[in-house]
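So that the names make sense, note that chain A is the first sequence line, chain B the second, and so on, each numbered from 1.
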There are 2 protein chains.
Amino acid sequence: MTVTIREIAKQAGVSRGTVDRVLNDRPGVKPHVRARILEIVNELNYVPNLAAKALAYQKKPVVFGIVMPPEDIEFFESIRSGINSAADELKDLGIRLDYRYVDNRGPEEGAAAIRELVEAGVSGIMFSVMDDELIRASIDYAAERNVPVVTFNSDVEHSKRICFVGQDLHKSGLVAAGLMNRVLHERAKVVIVTGNLKFHAHRSRVEGFRKGLADYGSRFEVLDVIEGYDRYAETFEQLDRLLGEHADLGGIYMATGDIAACVDAIKKHRREGQLRVVCNDLMPPAEQGLRERIIDFTIVQNPERQGYVSLRMLYDHVFAGKQPESEHHFTETHIYIPESL
Amino acid sequence: MTVTIREIAKQAGVSRGTVDRVLNDRPGVKPHVRARILEIVNELNYVPNLAAKALAYQKKPVVFGIVMPPEDIEFFESIRSGINSAADELKDLGIRLDYRYVDNRGPEEGAAAIRELVEAGVSGIMFSVMDDELIRASIDYAAERNVPVVTFNSDVEHSKRICFVGQDLHKSGLVAAGLMNRVLHERAKVVIVTGNLKFHAHRSRVEGFRKGLADYGSRFEVLDVIEGYDRYAETFEQLDRLLGEHADLGGIYMATGDIAACVDAIKKHRREGQLRVVCNDLMPPAEQGLRERIIDFTIVQNPERQGYVSLRMLYDHVFAGKQPESEHHFTETHIYIPESL
DNA sequence: ATGAAAGCGCTAACAT
DNA sequence: ATGTTAGCGCTTTCAT
């Protein structure tokens with residue numbers, strides 16, 4: 001027999017309305033009555049029926065806000081497709097989405113979007129813009145008003161978000177090192193390309209990679225760590241120089257940065273196939289590089305999964321009262337080769 | 001405004017009961033009335049509300065039957081965990097599961113289980129035992145009684161199942177070849193280990209692998225294809241012989257078979273690290289082999305995902321009337337290295 | 001502070 | 001052949 005509100009009401013000798021008030025933390029119930037009901041709830045191991053909840057919410061569906069960079073950014077399209085497939089599963093379960101696309105070059109828009117959504121009465125927020133003091137304050141503002149926030153893809157550390165859903169950056173660096181180990185031999189020289197070492201996220205991959213190499217003794221030499229600031233020109237220029245200086249360079253780890261620049265630099269020096277290249281993500285330049293056999297491996301962070309999991313997590317939190325198992329939910333780290341495509 | 005049965009009934013000038021009869025293909029409606037209602041349904045683009053459906057089904061939950069090998073088989077535990085996580089999401093949506101564990105050495109039990117489930121009135125069946133004439137007949141028997149069957153992990157070809165959910169075996173062979181290409185150099189000799197070439201599934205991986213090697217020109221030589229019949233002794237013995245005969249063997253592709261036997265044979269000949277080894281799945285022996293750096297890569301078929309997708313597909317079919325997009329649903333092919341663990 | 005009752009969209013049993 | 005109605009479990013509004 002499944003336990004219902006009706007059953008609890010009967011046992012407590014009150015009406016279903018009162019039980020509902022208690023279960024949803026609404027005022028208007030005498031403390032001792034509330035206590036008694038909670039007792040019975042625990043004893044009977046009551047679990048709310050989500051279908052019934054959903055039906056009752058039909059009139060006034062629960063809204064989840066989503067704050068992310070503009071639609072035209074390739075990488076986020078994959079995330080959105082994951083979000084939408086979760087939304088699809090949940091569409092009859094009484095939820096609606098409110099997307100807010102904000103400029104990701106500064107924190108202002110993102111911070112404002114969170115506040116607007118809270119004012120508008122959303123029941124939860126998914127957020128992915130940047131890590132900033134202003135943003136952190138907005139997240140905490142939401143949290144204080146009981147609006148749970150899940151950050152995805154890039155975290156806002158030390159904020160009151162209930163969870164971060166994204167890649168394990170350190171591990172992706174480790175895996176990259178493992179791949180280098182497999183394809184390079186005795187005493188190889190490698191170079192690391194990153195965006196900006198001031199960013200924690202960019203540093204993590206580099207650190208993971210170094211740690212991974214170290215596990216294989218001292219046979220690897222990291223010639224240089226290039227900061228390309230995610231720009232083509234800077235990245236190309238520096239790699240161009242390095243390739244010129246080191247005829248014996250064995251591998252390139254594109255931790256973060258413009259992959260096209262890397263591919264072009266290798267082509268310019270006619271070193272296709274002589275260098276082992278490991279990069280991240282499966283954007284068109286990486287895919288193209290794989291197909292041309294210039295890139296050996298690319299490590300992906302499952303953007304669809306990130307979107308899917310984040311929304312599902314909010315739903316479970318709001319409707320079933322589930323806490324995330326940990327404050328970090330890492331999506332699996334997967335390796336792609338040309339044949340995987 | 002969402003379209004409801006009530007709305008359709010009003011427009012058609014009939015009662016909700018009649019609309020319900022039409023929508024669920026129940027008898028007792030005059031053909032022209034039925035046609036008229038269907039017309040309106042299409043015009044208004046009616047989509048049933050699953051939460052409401054689920055609630056209404058509470059009294060008499062829909063049951064899905066699951067036929068698979070015994071609980072103690074490691075590989076199927078992962079699949080089951082995927083099934084259960086889907087069931088968890090669907091638990092309030094009016095479904096129950098009926099597991100039938102059958103001996104997978106012969107077709108009889110599996111075939112009988114299907115029939116029993118059909119007689120018991122289940123609304124759908126997930127099946128994973130073996131490909132056999134007896135089984136095929138049972139699946140068709142179910143299909144004829146409008147009980148949809150999804151085969152998972154291993155298919156029953158040419159049967160009336162609505163879909164097969166599992167790995168793309170050919171692709172996993174291709175990927176294995178791609179990995180060999182990356183880690184072996186000029187003119188390498190490799191050996192393929194499979195279970196039984198009479199089985200279509202076992203053949204597929206081997207064919208994919210050969211096709212993949214061929215893509216890299218003629219630099220690979222396949223010394224032998226060993227049939228180990230999934231047994232330790234046979235596999236060990238043959239690999240032992242081969243390793244003795246060919247000091248220059250470059251790689252082993254364990255397409256199907258006992259991985260512990262492979263690891264042990266390599267250890268006996270003290271060829272750890274000198275041979276590149278690619279295998280499948282992430283059972284304990286493979287994991288152990290990876291950690292010991294005897295196995296270089298293992299290619300996985302996402303057993304959890306197979307379970308999850310299969311159940312979800314049945315649900316969508318039965319409750320939302322969705323047809324599978326294709327009669328094969330391949331789970332992604334992923335590559336693992338020690339660092340992935 | 002608490003109870004009673006209507007309604008969310010659908011199904012199924014019972015009436016007509 | 002078709003209409004009516006009573007739930008399914010929960011929320012919410014209106015009485016008391």
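- Positionally, the nearest nucleotide of DNA chain D for B/V14 lies more toward the 5' end than for the other of B/V14 and A/K53.
- With sequence neighbours left out, the side chain to side chain donor-acceptor pair (under 3.5 Å) criterion links B/E327 to B/R161.
- Looking only at side-chain heavy atoms (C-beta outward), B/V102 and B/V67 come within less than 4.5 Å of each other.
- Shown here are the side-chain contact (heavy atoms from CB on, under 4.5 Å) partners of B/K60, two or more places apart in sequence or in another chain: there are none.
- Within a 6.0 Å radius of CD in B/E325, other residues, nucleotides and ligands contribute 12 heavy atoms or fewer.
- Applying a 4.0 Å cut-off to non-hydrogen atoms, the residues of residues 26-39 of chain A that approach DNA chain C are A/G28, A/V29, A/K30, A/V33, listed by residue number.
- Nucleotides of DNA chain D nearest to A/K60 and A/A51 differ in position, and the one nearer the 5' end is that of A/A51.
- In summary, contact between chain A and DNA chain C, defined as any nucleotide atom under 4.0 Å from a heavy atom of the protein, begins and ends at C/dA1 to C/dG9 in the 5' to 3' direction.
- Here B/A87 pairs with B/L97, B/L311 under the side-chain contact (heavy atoms from CB on, under 4.5 Å) rule; sequence neighbours left out.
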Using residues 28-44 of chain A as the side-chain source, report each donor-acceptor pair under 3.5 Å to any protein atom, sequence neighbours left out, with the distance given to one decimal.
residue: A/R34; atom: NH2; partner: A/R26; partner atom: O; Å: 2.8
residue: A/N42; atom: ND2; partner: A/L38; partner atom: O; Å: 3.3

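- Along DNA chain D, the stretch of nucleotides lying under 4.0 Å from any heavy atom of chain B spans, 5' to 3', D/dA1 to D/dG9.
- For B/Y315 and B/H317, the distance between ring centers is not under 6.0 angstrom.
- B/E89 meets the salt bridge (Lys or Arg N to Asp or Glu O under 4.0 Å) test with A/R312, B/R312; sequence neighbours excluded.
- Listed by residue number, B/I5 are the residues of residues 5-13 of chain B with a heavy-atom contact under 4.0 Å to DNA chain C.
- Looking at heavy-atom distances under 4.0 Å, B/Y46 makes contact with sugar-phosphate atoms alone, never a base.
- Over its full length, the helix from C/dA1-D/dT16 to C/dT16-D/dA1 turns its helical axis through 50°, comparing axes from the five pairs at each end and rounding to 10°.
- Using a 4.0 Å heavy-atom cutoff across all strands shown, A/N49 reaches sugar-phosphate atoms only and no base atom.
- Taking B/Q58 as the reference, A/N49, B/L55 meet the side-chain contact (heavy atoms from CB on, under 4.5 Å) condition, with sequence neighbours excluded.
- A salt bridge between A/D131 and A/R136 is present, with a side-chain N of the basic residue lying under 4.0 Å from a carboxylate O of the acidic one.
- Looking only at side-chain heavy atoms (C-beta outward), A/F164 and A/H329 stay at 4.5 Å or farther from each other.
- Taking 4.5 Å as the limit, some side-chain heavy atom of B/S128 sits within range of a side-chain heavy atom of B/F76.
- Legend: residues meeting side-chain contact (heavy atoms from CB on, under 4.5 Å) with A/N302, ordered by chain and number and at least two apart, are A/R305, A/T331, A/E332, A/H334.
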Audit row: B/D98, B/R100, salt bridge (charged side-chain N to carboxylate O under 4.0 Å, His left out) steps and yes/no: CA-CA 7 Å; B/D98 185 349; B/R100 302 287 167 110; 3.0 Å; yes
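- Nearest-nucleotide positions on DNA chain C for B/L50 and B/R21 put B/L50 closer to the 5' end.
- Both tests pass for B/R145 against the ring of B/Y141: distance under 6.0 Å to the centre and angle within 45° of the axis.
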